[in-house]
Amino acid sequence: MPELPEVETLKVSLEKELLQKTIVNVDIRRPKLRYLLDHDLKSKIIGARILGLYRRAKYLLLELDNSHTVVIHLGMTGRATGQAENYHLQKHDHVALYLSGARKLVFNDARRFGMIYCLPSDNLMQHKIFASSGPEPLEEDFSAEYLLKKLKNKKVPIKTALMQNEIVVGVGNIYASESLFLAKINPLKLANSLSVDETNRLVEAVKKVLWQAIKAGGTTLKDFVDGDNKPGYFKQKLLVYDREGKACIACDSGSIAKLRQAGRSTFYCDICQK
DNA sequence: CACTCTCCCTGAAAGC
DNA sequence: TGCTTTCAGGGAGAGT
């Protein structure tokens with residue numbers, strides 16, 4: 001389940017594989033992922049060299065030397081791995097980029113929630129998939145001051161607000177629960193009712209959880225592997241997510257509860273999180 | 001405008 | 001054992 005730390009891990013692991021390589025051919029075995037791929041995707045990227053590798057929110061960006069950027073979102077089950085040239089495509093390998101140096105980048109996605117775009121690099125952040133995105137959680141502009149202001153008119157539960165991309169990008173369902181637990185804030189509490197102190201704690205908790213997950217190479221629940229096909233090691237560090245009915249790690253007396261908010265599972269300890 | 005719900009998709013796990 | 005049902009969730013669009 002790739003969230004921000006997983007995409008960041010992937011980006012770093014793919015740098016050696018991709019930077020300065022030329023895309024010599026493209027194999028599209030299944031053109032419909034979440035959306036139908038651009039009909040001219042091939043012609044836009046064949047022959048181009050990869051100049052830079054970046055991440056924005058949960059999107060991986062491959063900047064090409066022809067003023068286009070390939071934008072990849074892994075959805076729920078997507079993987080992007082570097083393989084040898086003679087690697088035989090397997091089930092759910094939907095797109096392969098053949099690269100100079102006898103390598104290929106293979107995009108595999110069982111559930112096809114992923115997306116691949118090729119967009120003009122100029123004003124990329126003005127494109128609709130990025131235009132209304134909030135700050136990166138690990139950047140300085142995601143601060144308590146910012147968040148307090150942003151939540152002032154939000155009448156939704158804080159858990160729901162944390163997952164809205166216009167407030168902050170890249171905090172998915174797992175890390176939203178984890179962050180609120182660390183900050184000792186009840187996920188049902190309305191976003192506009194957080195105190196200054198709570199907002200401070202929450203911003204710190206989000207940054208801490210994401211940093212730790214990046215350091216561990218991402219969380220692997222079921223599917224995530226990085227560009228070298230290695231799983232992440234953060235799962236054993238999850239404190240509340242997927243621990244319904246188990247003892248709370250912090251207070252020992254309670255057990256982790258599960259509820260549904262805006263169609264998503266939330267895990268929390270109602271003794272620790274007030 | 002603010003918010004919630006539904007859909008897309010496959011495979012693992014639970015239920016019968 | 002084997003079939004059917006449920007659940008997982010990011011983001012877009014429809015619905016309230």
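Below, all heavy atoms of this structure are taken into account, side chains as well, without hydrogens, waters or symmetry copies. In what follows, every chain begins at residue 1, and chains take the letters A, B, ... in the order their sequences are listed.
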Measure the distance from [atom1] on [X] to [atom2] on [N] and round it to the nearest whole Å.
X: A:Asn192; N: B:dC1; atom1: CG; atom2: P; result: 19 Å
X: A:Lys32; N: C:dA12; atom1: NZ; atom2: C1'; result: 13 Å
X: A:Leu36; N: C:dA12; atom1: CG; atom2: C1'; result: 16 Å
X: A:Ile129; N: C:dG10; atom1: CD1; atom2: C1'; result: 13 Å
X: A:Tyr59; N: C:dG10; atom1: OH; atom2: P; result: 12 Å
X: A:Glu166; N: C:dG11; atom1: CD; atom2: C1'; result: 13 Å
X: A:Leu162; N: B:dC3; atom1: CG; atom2: P; result: 14 Å
X: A:Arg30; N: B:dC9; atom1: CZ; atom2: C1'; result: 10 Å

Candidate nucleotides [options], ranked by approach to the side chain of [X] - the nearest:
X: A:Lys128; options: B:dC9, C:dG10, C:dG13; value: C:dG13
X: A:Lys155; options: C:dG10, C:dG9, B:dC3; value: B:dC3
X: A:Arg111; options: C:dA12, C:dG11, C:dA8; value: C:dA8
X: A:Met163; options: C:dA8, C:dG10, C:dA12; value: C:dG10
X: A:Met76; options: B:dC9, C:dG9, C:dA8; value: C:dG9
X: A:Val156; options: B:dC3, C:dG11, B:dG11; value: B:dC3

Looking at [X], does any N or O in its side chain come under 4.0 Å of the phosphate oxygens OP1/OP2 on [N]?
X: A:Lys154; N: B:dC3; value: yes
X: A:Thr77; N: B:dC9; value: no
X: A:His92; N: B:dG11; value: yes
X: A:Lys91; N: B:dT10; value: no
X: A:Asn173; N: C:dG10; value: no

Residue A:Lys274 excluded, over 12 heavy atoms near NZ under 6.0 Å = yes

Closest-nucleotide 5' rank along DNA chain B - winner of A:Arg264 and A:Pro157 = A:Pro157

Is a donor-acceptor pair below 3.5 Å formed from side chain A:Arg112 to base B:dC9, judging by atom type as modelled?
-> no

Does any N or O donor sit under 3.5 Å from an N or O acceptor when you compare the side chain of A:Arg34 with the base of C:dA12?
-> no

In plain terms, say whether A:Glu85 and A:Arg103 are close enough for a salt bridge, that is, a side-chain N and a carboxylate O under 4.0 Å apart.
-> no

Does A:Glu198 come within less than 4.0 Å of A:Lys189, counting only side-chain N to carboxylate O?
-> yes

Residue pair A:Glu15 / A:Ser13, side-chain donor-acceptor N/O under 3.5 Å | no

Kindly indicate, with the supporting measurements, whether the criterion side chain to side chain contact (heavy atoms under 4.5 Å, CB included) is fulfilled by A:Thr9 and A:Lys11.
-> CA-CA 5 Å; A:Thr9 300; A:Lys11 184 196 79 178; over 6 Å; no

Result for salt bridge (Lys or Arg N to Asp or Glu O under 4.0 Å) between A:Arg55 and one of A:Glu8, A:Glu139, A:Glu63, A:Glu3 points to A:Glu8

Is A:Phe113 stacked on the base of C:dG9, meaning ring centres closer than 5.5 Å and planes within 30 degrees of each other?
-> yes

Looking across every strand, which nucleic acid part, if any, lies under 4.0 Å from A:Asp109 by heavy atom: base, sugar-phosphate, or nothing?
-> nothing

